[in-house]
Amino acid sequence: MATPSQKIPATLIPGDGIGPEVTEATLEILAAAGAPFEWERRTAGMGGIEACGDPLPPETIASIRRTRLALKGPLTTPIGGGYRSSNVRLREEFQLYANLRPARTLVPGGRFEDIDLVLVRENLEGLYVGHEHYIPVGDDPRAVAIGSGVNTRAGATRICEFAFDYAARHGRKKVTLVHKANVLKALTGLFLEAGREVAKKYEGRVACDDRIIDACAMQLVMNPWQFDVIVTTNLFGDVLSDLNAGLVGGLGMAPAGNIGTDAAIFEAVHGSAPDIAGKGLANPLALVLSAAMMLDHVGHQDKATRIRTAVDRALRDDNVRTGDLGGKASTKDFTRAVVKRL
Ligand code: NAD
């Protein structure tokens with residue numbers, strides 16, 4: 001943890017499409033809040049290809065290895081063919097095992113009011129390991145498809161410890177373990193077993209319960225307020241984190257952190273939005289809130305809270321909103337409104 005006056009080196013990847021616009025907005029807001037980051041600017045995605053023919057240049061990896069902390073704008077990934085997602089490569093390269101996705105009501109008047117949920121998704125194991133193959137039958141080479149998931153006790157314990165520790169440090173009351181141990185008894189039973197073991201260490205501080213994934217999905221829609229922190233395996237977490245974003249108005253405003261033992265990368269969940277790139281219309285909120293999570297991560301919760309409060313004020317009290325939220329504000333208008341509140 002840094003002392004208030006210490007500079008914190010961090011890698012900045014502005015990204016593709018609207019990335020540079022939302023990054024500039026975020027930097028202005030961070031500066032107004034007195035954030036102590038000392039940036040090393042690097043490229044990735046299409047920007048990396050254009051700069052040096054590599055969507056994840058070695059200098060970018062080296063910078064993150066040095067700073068162990070990065071803020072990343074969206075990267076364009078070609079669909080079907082082309083290069084592999086730089087986002088996935090970064091997660092693997094730095095073993096970012098925890099995907100942290102808060103979902104909080106920002107704009108009142110939506111389908112659900114006062115949502116404040118945090119989803120912790122295991123990022124490296126489960127069905128995402130991609131151990132898949134086909135079995136040919138007769139003249140059909142793809143008659144049967146087989147895929148296996150891999151969960152380890154060490155991996156399940158590590159992600160559950162992350163979730164309980166996060167809950168304890170952020171004043172959260174409860175962690176819900178989400179699984180499918182009634183059917184996938186080994187694969188997700190092991191996760192549940194490890195989670196219950198971790199929960200014992202937090203007894204009296206953080207409560208614990210568990211849900212089967214399908215029931216959890218329904219209950220999140222019927223009564224989301226019963227949940228606080230949810231921790232789950234990779235595939236279930238992928239689905240539930242988007243479900244939670246839907247509860248508070250969609251993916252457009254969702255921030256995320258990918259956190260490992262040796263590095264942490266914070267990013268907006270949305271993509272590079274090529275349809276509005278360069279027009280000054282993009283909503284910078286998701287990257288701004290990701291930067292606030294980054295401040296939390298390095299122990300500057302006070303500055304993170306100031307940014308979140310300023311964002312709330314700009315949206316709710318000043319009614320300054322970009323087009324995706326039904327407003328007329330440009331990226332710059334919204335940025336100015338948040339800076340003014342700070
Ligand atoms: P997208 O999120 O870029 O865009 C979907 C829609 O949402 C578009 O209409 C866009 O204008 C709008 N939108 C997205 N962010 C917005 C913002 N901040 N403000 C206002 N409107 C916003 O998704 P897509 O079109 O499927 O993907 C475009 C590219 O982004 C693809 O190359 C994809 O691979 C990449 N992508 C990257 C990431 C990442 O780097 N984390 C995530 C998702 C998609």
Side-chain angles (χ1 to χ4, degrees), residues 11-29 42-50 55-57 60 64 70-94 96 99-102 106-107 119 121 123 128 237-239 241-242 245-246 248-259 264-294 311 314-315 320-335 337-338:
T11 305
L12 181 69
I13 304 170
D16 303 317
I18 59 169
E21 299 161 59
V22 293
T23 300
E24 283 319 307
T26 304
L27 291 182
E28 252 183 72
I29 290 167
R42 294 293 182 273
T43 57
M46 292 304 271
I49 297 263
E50 283 157 19
L56 193 55
T60 303
I64 301 173
L71 182 66
K72 190 183 76 57
L75 305 178
T76 298
T77 310
I79 297 173
Y83 54 84
R84 245 182 104 222
S85 159
S86 307
N87 296 316
V88 175
R89 280 179 61 198
L90 279 169
R91 267 170 231 166
E92 288 170 2
E93 178 75 32
F94 292 102
L96 306 174
N99 184 259
L100 187 60
R101 287 271 296 267
L106 291 168
V107 181
L119 189 113
R121 164 188 172 190
N123 230 2
Y128 272 65
D238 189 20
V239 178
S241 53
D242 281 20
V248 297
L251 289 179
M253 294 178 290
N258 291 289
I259 299 166
I265 301 180
F266 295 85
E267 63 181 345
V269 170
H270 63 71
S272 54
D275 51 333
I276 57 164
K279 296 185 178 162
L281 301 173
N283 185 351
L285 241 176
L287 196 65
V288 171
L289 294 177
S290 306
M293 288 173 73
M294 187 165 158
V311 161
L315 287 172
V320 180
R321 298 176 192 174
T322 44
D324 55 311
L325 299 180
K328 289 201 165 55
S330 65
T331 311
K332 286 203 159 74
D333 296 333
F334 181 74
T335 309
V338 176

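Just follow the structure's listing: the first ligand is 1, and inside any ligand the first atom is 1.
- Summarising the contacts of atom 23 (O) of ligand 1 with G323, A256, G271, the nearest heavy atom is found in G271.
- Side-chain atoms of D238 and Y128 form a donor-acceptor pair, as typed in the model, at a separation below 3.5 Å.
- Contact atoms of ligand 1 toward T76: 32 (O) (distance under 4.0 Å to a heavy atom of the residue).
- Atoms of ligand 1 found under 4.0 Å from any heavy atom of I276, numbered from 1 in the order shown, are 11 (O), 20 (C), 21 (N).
- Listed here is the closest heavy atom pair of L12 and P14: O-CD, 3.5 Å.
- Close contacts of ligand 1 with I18, meaning ligand atoms under 4.0 Å from a residue heavy atom, involve 15 (N), 16 (C), 17 (C), 18 (N).
- For ligand 1 and V269, the ligand atoms under 4.0 Å from any heavy atom of the residue are 42 (C), 43 (C).
- Residue-to-ligand polar distances place A273 within reach of ligand 1: an N/O pair is separated by less than 3.5 Å.
- At a threshold of 4.5 Å between non-hydrogen side-chain atoms, the residues M253 and L325 count as touching.
- Counting atoms of ligand 1 from 1 in the listed order, those under 4.0 Å from a heavy atom of E267 are 41 (N).
- Comment: E267 does not engage R101 in a salt bridge, judged by the lack of any side-chain N to carboxylate O separation of less than 4.0 angstrom.
- Here the closest non-hydrogen pair linking G48 and T43 is CA-OG1, 3.6 Å.
- Contact annotation for A286 and ligand 1: no heavy atom of the residue comes within less than 4.0 Å of the ligand.
- Using a 4.0 Å cut-off to heavy atoms of A282, the atoms of ligand 1 that qualify are 19 (N).
- Considering every non-hydrogen atom in both D16 and G47, the closest pair reads OD1-N, 2.9 Å.
- Close approach to N87 involves these atoms of ligand 1, each under 4.0 Å from a residue heavy atom: 38 (C), 39 (C), 40 (O), 41 (N).
- Looking at D324 against ligand 1, only its side chain comes within 4.0 Å, counting heavy atoms.
- For the residue pair K72 / N87, a side-chain donor-acceptor distance below 3.5 Å is found, with atom types taken as modelled.
- The two residues A286 and P255 come nearest to each other via the heavy atoms O-CB, 3.6 Å.
- Taking every heavy atom of K72 and a limit of under 4.0 angstrom, the matching atoms of ligand 1 come to 40 (O).
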